[in-house]
Amino acid sequence: MTDARYDDQAGTRFERVRLTGATFEDVYLDGAQLHDVDLRGASLRMVDLRGLRARDVWLEDVDITGDVENLVINGVDVAPLIEAELDRRDPDRARMRPTDADGYREAWDVVERRWGQTVERARTFTPEQLHASVDGEWSFIETQRHLVFATDAWVCRALLGDPEPWDALDLPHDDMPDSPPVPRDRDARPSLDEVLALRADRMATVRRVVDGLADDDLTGTTEPVTAAGYPEPESYAVTRILRTILNEEWQHRLYAERDLDAIAAISAGAGDPDPAAG
């Protein structure tokens, strides 16, 4: 794979320029200075805001979803407050941060139970709706495909040592560069039952791993898989792998429920989502 080439305009000054409706993709703005800039109604996705300093900003009617740490607003670190409130709203969320083998088994019990409920709900939707994208996000079917990929990558490959565990329906994250032999078929349209069969197989693999887990295993690291693929051929902490899977399962179920809510609302009278978006 060749390195990406960029039109280098570092240090360019934009003053009194109207860029309303412009699209920026794979653009580096690190170290940029924004002064007297209108971002009303802007949409930011997969944006790295670490180290951002914002002064005299007007923050109102803003919706932010992502990893939040050390977020200081008007002198108050609000990240711990957000975490505590999210845990209060859903006690199962705290179980996604286990510290011993029994905790990982309990966490996977939660994942299986919650996904079971979501899948039963999804079965009440039409195939077209399950392939529909909401606001450019993955469809329900694509979400299942991505979770198959996540399990293949982190559990089957990194943890269990299979160099090529992939299924043709695996769907890597969008910002991951092509990494043969990892498949990436965005045009595939498998049925719900087809993709759920894959999911059941991969979830059973994780179940076997956590059922066989001992506390001492949590201090261990993996043997690097040197064959081409993803993740990179490194030694990974077992806890990192297991936490990654728990986070993937938890977050993507929330996204799926959010989008099923939107699709249900749309089908109730506001029109159809664009299945081609995404």
Side-chain angles (χ1 to χ4, degrees), residues 65-69 79-80 82-84 86-87 90-119 138 142-167 169-173 175-176 179 182 195-227 229-257:
T65 301
D67 294 327
V68 179
E69 296 181 18
I82 295 170
E83 289 295 303
L86 291 173
D87 287 349
D90 190 344
D92 277 344
R93 185 176 184 272
R95 296 186 175 96
M96 297 300 106
R97 303 188 295 272
T99 58
D100 57 21
D102 285 340
Y104 279 97
R105 284 184 277 274
E106 180 183 1
W108 197 248
D109 289 342
V110 171
V111 168
E112 291 177 330
R113 170 171 53 83
R114 299 291 285 264
W115 263 118
Q117 295 166 349
T118 299
V119 166
W138 279 333
E142 288 173 326
T143 295
Q144 303 308 305
R145 293 176 57 198
H146 175 69
L147 290 172
V148 171
F149 161 76
T151 307
D152 282 347
W154 290 103
V155 177
C156 298
R157 177 178 160 93
L159 182 62
L160 300 180
D162 184 346
E164 294 189 23
W166 321 111
D167 186 272
L169 290 177
D170 279 21
L171 185 61
H173 42 281
D175 60 334
M176 174 181 151
S179 181
V182 182
V195 78
L196 288 181
L198 283 174
R199 281 280 285 144
D201 177 81
R202 299 318 194 267
M203 293 183 81
T205 298
V206 180
R207 168 54 67 187
R208 288 192 294 272
V209 168
V210 297
D211 280 352
L213 202 62
D215 288 343
D216 288 346
D217 296 328
L218 299 177
T219 62
T221 56
T222 65
E223 289 292 327
V225 175
T226 57
Y230 178 90
E232 296 298 321
E234 299 177 17
S235 180
Y236 296 95
V238 171
T239 51
R240 174 183 174 184
I241 290 173
L242 296 177
R243 286 286 189 93
T244 295
I245 290 299
L246 289 179
N247 183 66
E248 287 280 311
E249 294 282 354
W250 180 265
Q251 294 295 341
H252 282 288
R253 195 195 68 83
L254 292 180
Y255 302 152
E257 287 282 359

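Note that these values count all heavy atoms, side chains included, but never hydrogens, waters or copies made by symmetry.
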Is the number of heavy atoms from other residues, nucleotides or ligands under 6.0 Å of [X] [atom1] greater than 12?
{"X": "Glu223", "atom1": "CD", "value": "no"}
{"X": "Asp67", "atom1": "CG", "value": "no"}
{"X": "Glu234", "atom1": "CD", "value": "yes"}

How many angstroms lie between [atom1] in [X] and [atom2] in [Y], if you round to the nearest 0.5 Å?
{"X": "Tyr230", "Y": "Glu232", "atom1": "OH", "atom2": "CD", "answer": "8.5 Å"}
{"X": "Leu218", "Y": "Asp100", "atom1": "CG", "atom2": "CG", "answer": "7.5 Å"}
{"X": "Trp250", "Y": "Ile245", "atom1": "CH2", "atom2": "CD1", "answer": "16.0 Å"}
{"X": "Leu160", "Y": "Thr151", "atom1": "CG", "atom2": "OG1", "answer": "10.5 Å"}
{"X": "Leu198", "Y": "Gln144", "atom1": "CG", "atom2": "CD", "answer": "10.5 Å"}

task: Using salt bridge (Lys or Arg N to Asp or Glu O under 4.0 Å) as the criterion, list what pairs up with Glu164, not counting sequence neighbours.
output: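 Partners of Glu164 by the salt bridge (Lys or Arg N to Asp or Glu O under 4.0 Å) criterion come out as none, since no residue qualifies.
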
Shortest non-hydrogen contact from [X] to [Y]?
{"X": "Ser179", "Y": "Met176", "result": "CB-CE, 3.7 Å"}
{"X": "Pro231", "Y": "Ala153", "result": "CD-O, 3.2 Å"}
{"X": "Pro98", "Y": "Ala107", "result": "CG-CB, 4.4 Å"}
{"X": "Asp215", "Y": "Ala101", "result": "OD1-N, 2.8 Å"}
{"X": "Trp154", "Y": "Ile241", "result": "O-CG2, 3.2 Å"}
{"X": "Ala158", "Y": "Tyr236", "result": "CB-CD1, 4.2 Å"}

Using atom types as modelled and distance alone, determine if a side-chain donor or acceptor of [X] lies under 3.5 Å from a backbone N or O of [Y].
{"X": "Thr222", "Y": "Leu159", "answer": "no"}
{"X": "Asp167", "Y": "Asp170", "answer": "no"}
{"X": "Arg157", "Y": "Pro163", "answer": "yes"}

Taking side chain to side chain donor-acceptor pair (under 3.5 Å) as the test, write out the residues that go with [X], two or more places apart.
{"X": "Asp90", "result": "Arg114"}
{"X": "Asp217", "result": "none"}
{"X": "Glu83", "result": "Arg93"}

task: If a pair satisfies salt bridge (charged side-chain N to carboxylate O under 4.0 Å, His left out) and one of its residues is in residues 237-256, list it, with sequence neighbours excluded.
output: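 Every salt bridge (charged side-chain N to carboxylate O under 4.0 Å, His left out) pair that includes a residue of residues 237-256, provided the two are not neighbours, is Arg199-Glu249, Arg253-Glu257.
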
Could you pull out all donor-acceptor pairs under 3.5 Å where a side-chain atom in residues 202-214 meets a protein atom, sequence neighbours excluded?
unit_1 : atom_1 : unit_2 : atom_2 : d
Arg202 : NE     : Asp152 : OD1    : 2.5
Arg202 : NH2    : Asp152 : OD2    : 3.3
Thr205 : OG1    : Asp201 : O      : 3.2
Thr205 : OG1    : Arg208 : NH2    : 3.2
Arg207 : NE     : Glu112 : OE2    : 3.4
Arg207 : NH1    : Asp211 : OD1    : 3.0
Arg207 : NH2    : Asp109 : OD1    : 2.6
Arg207 : NH2    : Glu112 : OE1    : 2.8

- prompt: Do the rings of Phe149 and His146 sit parallel, tilted or perpendicular, given the 30° and 60° boundaries?
  reply: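 Judged by the thresholds at 30° and 60°, the geometry between Phe149 and His146 is tilted.
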
field: 4.5 Å side-chain heavy-atom contact, Met96 and Val111
entry: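 Yes, side chains in contact.
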
